[in-house]
Every structure is written in structure tokens, then in C-alpha cells.
2 protein chains.
Amino acid sequence: MPKADELGISPTEQPSSVERAAAWLREKIYDGDFTPGQRLIEAELTETISVGRSTIREAIRRLTAEGLIETRHHYGARVRRFTRSDVSSIYQVRQVIEGLAVRLTTHQLNDDGKATLQKLSEDLSGAKTKGDIKRYIELNGDLHDFFVEASGNPFISEIAARLNTRILRLQFKQVFDLDNIAISHADHRAILNAVLGGDAYDAELLMRAHIGRSQQQIESYDDSFFQ
Amino acid sequence: MPKADELGISPTEQPSSVERAAAWLREKIYDGDFTPGQRLIEAELTETISVGRSTIREAIRRLTAEGLIETRHHYGARVRRFTRSDVSSIYQVRQVIEGLAVRLTTHQLNDDGKATLQKLSEDLSGAKTKGDIKRYIELNGDLHDFFVEASGNPFISEIAARLNTRILRLQFKQVFDLDNIAISHADHRAILNAVLGGDAYDAELLMRAHIGRSQQQIESYDDSFFQ
DNA sequence: CGCGGCAATATTGTCTGACAATCATGAGGG
DNA sequence: CCCTCATGATTGTCAGACAATATTGCCGCG
């Protein structure tokens, strides 16, 4: 009796129809082709991407679980809308979750991780001095993702993915100017120093404060950003 | 053109087949009729509770999203298993999430909330002096749930539900003795004092430490509790 | 003229049946 | 004893159908 492999990695793992449908939908939402509040009709989607209705329904359910879509009984699915209050709640959670992530990361950072951080640090400085705002926002995302992944806690990854997913649309709109980058960059340098110096608790507090500042900035935005 | 009501409460809202199936499955898992690692065959379930396969599949997907079930492509659904590492990760997250919850609650506690807490506090003391361990565990759950709900942050509720759901089986097994209760009760009293006294930050730190102690206790358990 | 109730319609929820895809298992060969 | 391959069981996806229900526009009433 050969025992089943418990390694968790399946041999082939090629994307199923549902995964493709879900990816397609996710892309459309990220790109803004489906806007918040817009209704998603199963019949339309089935013929647009040529899959059965069960496939579409399953894809919709997955995105619902991810928090990108909301559904109502016998009415259907809509692209999720985020209120000001939602955004505040999300940032409150991000503060403590990413704070935890950076603390855990500090405790178990290996040489590879250190090298990655050093490089990220240099890239951030480079983007700042060149005034490349778009690039800076991108690297900022990479930095946050790094801590989340390097924390080694799968639940942190899961939660962060959900929160970031939910807010990605807003992050995209985030209007960083050079002043904001200067503040943000000071935060990043302090956090990186604490992490590389092994001051886990400091790093946690700094991350919380950093995300708190992002929150204040976003909360100061005009209503048109929230709709 | 009468505008659609955006109140979020649907008129009838009677449980659908899927909801009933999901509830049935959830109950079975909680009660231990389906044990961790056990396989869930769609065909069997279909005839057991007399619903179509689509309904069962949808119910399975919901419980998967809740974290009670794990699925593998073309192999199917199994009741989820939690490793020692999972439990540690969950408690790490619980520390910061419930810490945040208690801090937010402190900031916006009204008279009703205060009364509820006072009552919980008395009941906890009563259960402790009477040595009613089962009752104490129950009230302990109520206390944690109270903070999560009273925080007013829906994402905290969502995350806590997922974590508690996932670990409920383990909590159930948790072997509290009177010594543990004494320690736990001291924590609870301190937390309640901080909350009622308006010391939000103290309350947060105390909650983190409290959950940390629970974590240590659970992590000291024998392997037989995990598998 | 505005408001509330009612029927028509569109869409979802669920069922049945079917077939292909694929994983785990067990037999057979090296 | 280990590796390879065919087999069977189960899931993934599709199509078609019908019932349930929420939304919408219409109608009559105040």
C-alpha cells in the first residue's frame, strides 16, 4: 500500500476553467473595466468568455470570498464598493497585522532576506532622488509584501492579501506627491534600520505609525475617491 | 423610476438550500461527526441530505472560504487539519487582532457596553469561585467575542470568526484546570479594569499578553491534540 | 401631482443527467 | 523491493430546464 504523498504539491496543477474565469474577472475589476457597484450578469459572462454557467458561478463565489465582489440573494453579484468607513477599518487592521509581520520577520531574517532588503532600500532611495513617483509606489508595495511573506505566518499572508486586494483600487488612485514620498521614505528608512538592526519591537511600532500616516493621508481625500 | 433600496436588508431572507446544507455540514464538523482529514464525497452527501450536487458543491465552497475545509484539485474536499505550526500562527494573529479590538472598544464604550462587561465580569468571578470550569470557558469565549463585536470594525469580526472557527475544535479540547483559570482570571480582571478605566493602550497590551499565555499553554500540549 | 400597491420580466437558485479530466490505488514487471 | 502503468472512483465542467424571487414600470388612489 503506497502511501499518498502529503507534500502538498500536486504533479501537474494546470489552471482549471474556473481559475481562468476568476483570473479574467479579477483582471477586469483591477483594470476598472468593471466598476464598483456594477452588476455582473451570469448569462452575459458565460457567453463573453465561453464557459458554462456553473463555472462562472464558482468564479464569482471565489471572488466573493476574496472580498472583491458582493452578492445578494436572488439579485446577483456586484463589484464591491468600499466606503470611507471600510477604508478606515482596513487600515486599522493593516497597522497591527503588518506590524506583526515586520516583528516576526526581524526575528528570523536570513542573509538572503537581508540582501533583498538592502536592494529594496537602495532602489527606494534611487526612485526618490530621481523623483520617479510611480516606481516608488511600486517599490513601496514590494516592501510591504516582503515583510508579509517573510513573516512565515500563512494567516498574515492570507489576511494581507484580502485587505490589499480590497483596497488595491484605492491604492492605485493614491496621489503621492514628492512631499508624501519624503515622509514615507523617512519611515521606510527607520523601519529598515530597525529590522536590519534586529530591533523587532521598534520595527513593529514604526510600521504601525507608518501605516497610520498613510491612513491619515487617505482619509483626508475627497469624497470622490470613495464614491 | 423608484430607486432601489440600498439598505442592505432584504425583505424575506429565508435560508436557501445551500445555507441549510452548509449549516448541516458545519454542525457535523463542529460535533466531530466529520473528523479532521476525513474526506467528503459529493455523491454521498448528495443522497444523505437530499439536495443536488450543485448545492453540495456550493456549500463545500463556502466552508472552504470559512477555513473549515480544504480542497485539492480533482481530489475533493477534506475536513481541514491544523498543525502545531498553524495553531502558533493563529495565536500570533489573535494577539494583535484582539488587542486592536479591545483598544477600539475602549475608545467607544457606551453605557450598555459597560453594563454588559460588568455582568460578564461578575459571571466570570462566580464561575471561578464555584469551580464551574465548563461555564468559565464559555464565558471566556463570550468576553472575547464581545470585544471583537464592540470594536465596530467589521474586518476584525471577519478575521476573528475565521480564526476562531478554525481553532474552535482545539478550543473545545482545551483542558482548563483550576490553576489555569486562576491565571486567566487575573488577566481578565486586569483587562476589564483597563477597559472600564478608559486605558485603551494598556488594555491592548494586556490582551496581547493574555492571549500569549493561552498560546504558551496550548503549545505545551501533547502531539495527540494536534494531528 | 405624488405615492403606494401590483403584475410582468429578468435573473438567479437549484436540479438532473452527462461526459471528460484526473487523481489514488493496485497489479505487474524489472 | 521499487518503479511503471492501467484501472476505477471522483471531481470538473457543460447543457438544459424549471421554480423562486427581486426589481421595475404601470395603474389607481388620495
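All values reported here derive from a predicted model rather than from experimental measurement. Within every chain, numbering begins at 1; the chains are lettered A, B, ... in the order of the sequence lines, protein sequences first and strands thereafter.
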**Prompt:** Can you name the nearest heavy-atom pair linking A:Arg103 to B:Val96, along with the distance?
**Reply:** NH2-CG1, 4.1 Å
**Message:** In whole Å, I'd like the distance from the CD1 atom of B:Ile56 to the P atom of C:dG13.
**Reply:** 17 Å
Sub-3.5 Å pairs of nitrogen or oxygen atoms, protein against nucleotides 9-13 of chain D:
from, atom 1, to, atom 2, distance (Å)
D:dT11, OP1, B:Leu40, O, 3.4
D:dT11, OP1, B:Glu42, N, 3.2
D:dT11, OP2, B:Glu42, N, 3.4
D:dG12, OP2, B:Arg57, NH1, 2.7
D:dG12, OP2, B:Arg57, NH2, 3.1
D:dG12, O6, B:Arg53, NH2, 2.9
D:dT13, OP1, A:Ser16, OG, 3.4
D:dT13, OP1, A:Ser17, N, 2.7
D:dT13, OP1, A:Val18, N, 3.3
D:dT13, O4, B:Arg53, NH2, 3.0

**Asked** Is a side-chain donor or acceptor of B:Thr35 paired with a backbone partner of B:Gln38 at a separation under 3.5 angstrom?
**Response** no
**Prompt:** Do the side chain of B:Arg39 and the main chain of B:Tyr75 share a donor and acceptor less than 3.5 angstrom apart?
**Reply:** yes
**Request:** Could you pull out all residues at least two apart from A:Phe147 that satisfy ring pair (Phe, Tyr, Trp, His ring centres under 6.0 Å)?
**Result:** none
**Request:** Return the set of residues passing side-chain hydrogen bond (donor to acceptor under 3.5 Å, both in side chains) with A:Gln215 (not counting sequence neighbours), or none when no residue passes.
**Result:** A:Gln95, A:Glu219
